[in-house]
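Quick notes on the structure that follows.
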Amino acid sequence: MKPIKKITVCGGGNGAQTLVPVAAQAMDCPVDIFAPFGDEALRLQGEIELSGAVTARAQARRTSADPAQVIPGSDVVVLVLPAFAHESTLRLIAPFLDQGALLGAIPARGGFDYCAVQALADQGRGDLTLFGLQTLPWACRIRQYGRSVKVLGVKKAVDAASRPASRIGQIAPVLTRMLGMAVEPASSFLALSLANTGQLIHPGIMYGHFSEWDGLPLAQIPLFYHGLSNKGASALAKLDAEVQSIRSRLDSELEMTAVRPLRDWLIHSYGSAIADPSTLHSAFVTNRAYAGLEAPMRQIGPGEFVPDFSARYLSEDVPFGLAVSRAIAHMAGLETPSMDLVINWAGVQLNKDYIKRDASETRVPQNYQLDTLDRLMDFSTER
Ligand code: NAI
């Protein structure tokens with residue numbers, strides 16, 4: 001691996017503002033920010049301070065909305081963005097990336113590799129090495145834009161994949177150093193797409209909280225994780241079982257240990273922060289890292305709240321998560337009644353039909369000419 005002399009973080013949200021001080025302190029090299037969205041580049045010029053589960057402070061060396069100012073010379077370029085912003089950002093930065101740069105997404109969500117390969121190939125940049133993380137290492141929220149971020153929780157370990165898949169053994173130690181936490185190699189981006197637990201947790205818990213909502217305003221905002229009901233936990237368990245069936249179906253063709261059952265993943269990621277890991281339900285409601293996190297709601301009057309279905313728990317995690325795994329399952333000849341139920345329910349809330357009419361708005365492999373299991377497996381194991 002080349003020594004890392006400069007890193008660029010793409011994005012200006014919670015995760016991007018957390019990564020900048022973490023990476024600057026850990027890597028002792030300049031960290032720049034590419035922030036083309038709105039006026040964020042102007043608002044990200046000062047020192048950012050992290051408090052809570054991680055403490056650090058640093059200022060980006062340079063922040064710009066112009067990729068020509070910050071992308072050239074970067075050894076590592078990291079997208080820390082909601083998945084719907086990946087493609088447009090990749091297209092903006094592709095012409096300016098150095099040969100040999102590492103380009104990745106934290107988190108990758110489902111199908112990042114299909115989208116990145118296509119966006120880069122369209123601009124003649126098929127030479128780049130990609131990486132992705134299974135999740136964001138932190139639960140974090142901006143307190144004051146461009147100045148202060150509260151890190152509510154930090155995971156013990158996170159899995160990462162690369163393309164070519166064989167390079168992850170070299171890349172994972174660099175990411176471990178950059179993030180100050182264990183980054184463990186996954187066999188491929190295909191395993192990482194299936195291992196994306198956000199695709200289960202976020203839509204599954206939304207379904208648990210609101211599938212029987214009667215449309216009347218609620219007097220209180222439910223706790224998203226600690227308010228999980230047994231019914232919600234059972235919906236999660238069914239989604240989880242469908243992902244595990246895909247894992248079992250593909251296990252003989254590709255190493256899939258990163259695709260952990262959900263309770264195992266919670267224990268692996270949060271360890272002793274979970275007081276009672278004995279069931280899926282208890283692992284959520286006794287996880288200290290989830291304390292106080294609320295369901296996405298809109299206030300419509302004094303003491304009157306309604307669910308915010310446009311929040312990324314549905315608008316990101318269904319088209320860039322659950323829909324991708326469902327598509328892989330169907331290519332593998334598996335039925336997914338629970339995924340279908342949750343995807344269709346989310347679609348009704350968002351006025352989308354992610355399985356048929358609006359499938360082009362998702363990152364299913366079929367949208368990238370990967371329309372048979374053989375093609376998908378060949379793509380996922382390409383050297
Ligand atoms: P965020 O909601 O704070 O990110 C918003 C940022 O994304 C904006 O500030 C802007 O820089 C960029 N952006 C938004 N729309 C854009 C567009 N149309 N074009 C270009 N850029 C655009 O997101 P956050 O919280 O940083 O999350 C990043 C990723 O990490 C998401 O996939 C999220 O689901 C995931 N994640 C976040 C966690 C958290 O605690 N913040 C926890 C676990 C996962």
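Note that ligands are numbered from 1 as they come in the structure, with each ligand's atoms numbered from 1 the same way. Count residues from 1 along the sequence.
- The pair Lys352-Glu361 meets the salt-bridge criterion, with a side-chain N (NZ, NE, NH1 or NH2) lying under 4.0 Å from an Asp/Glu carboxylate O.
- Side-chain contact check for Glu255 and Thr257: at least one donor-acceptor pair (N or O, by modelled atom type) lies under 3.5 Å.
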Show which side-chain atoms of residues 293-305 pair as donor or acceptor with protein atoms under 3.5 Å away, not counting sequence neighbours.
from: Gln299; atom 1: NE2; to: Gly301; atom 2: O; distance (Å): 3.1

Using a 3.5 Å cut-off and no angle test, enumerate the donor-acceptor pairs between side-chain atoms of residues 2-13 and protein atoms at least two apart in sequence or in another chain.
from: Lys2; atom 1: NZ; to: Asp75; atom 2: OD1; distance (Å): 3.4
from: Lys6; atom 1: NZ; to: Thr8; atom 2: OG1; distance (Å): 2.9
from: Lys6; atom 1: NZ; to: Asp32; atom 2: OD2; distance (Å): 2.6
from: Lys6; atom 1: NZ; to: Val70; atom 2: O; distance (Å): 2.6
from: Lys6; atom 1: NZ; to: Ser74; atom 2: OG; distance (Å): 3.2
from: Thr8; atom 1: OG1; to: Val70; atom 2: O; distance (Å): 3.1
from: Thr8; atom 1: OG1; to: Ser74; atom 2: OG; distance (Å): 2.8

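- Looking only at atom types and distance, the side chain of Thr129 has a donor-acceptor partner in the side chain of Arg167 under 3.5 Å away.
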Give the table of side-chain donor-acceptor pairs shorter than 3.5 Å for residues 316-337, with sequence neighbours excluded, one pair per line with atom names and distance.
from: Glu316; atom 1: OE2; to: Ala83; atom 2: N; distance (Å): 2.8
from: Asp317; atom 1: OD2; to: His202; atom 2: ND1; distance (Å): 2.8
from: Ser325; atom 1: OG; to: Gln199; atom 2: OE1; distance (Å): 2.7
from: Ser325; atom 1: OG; to: Gln199; atom 2: NE2; distance (Å): 3.2
from: Arg326; atom 1: NE; to: Asp340; atom 2: OD1; distance (Å): 2.8
from: His330; atom 1: NE2; to: Thr336; atom 2: OG1; distance (Å): 2.8
from: Thr336; atom 1: OG1; to: Asp340; atom 2: OD1; distance (Å): 2.8

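- The protein residues lying under 4.0 angstrom from ligand 1, judged by non-hydrogen atoms, are Gly11, Gly12, Gly13, Asn14, Gly15, Phe37, Glu40, Leu81, Pro82, Phe84, Ala85, Pro107, Arg109, Leu136, Trp138, Ala139, Cys140, Arg141, Arg312, Glu316.
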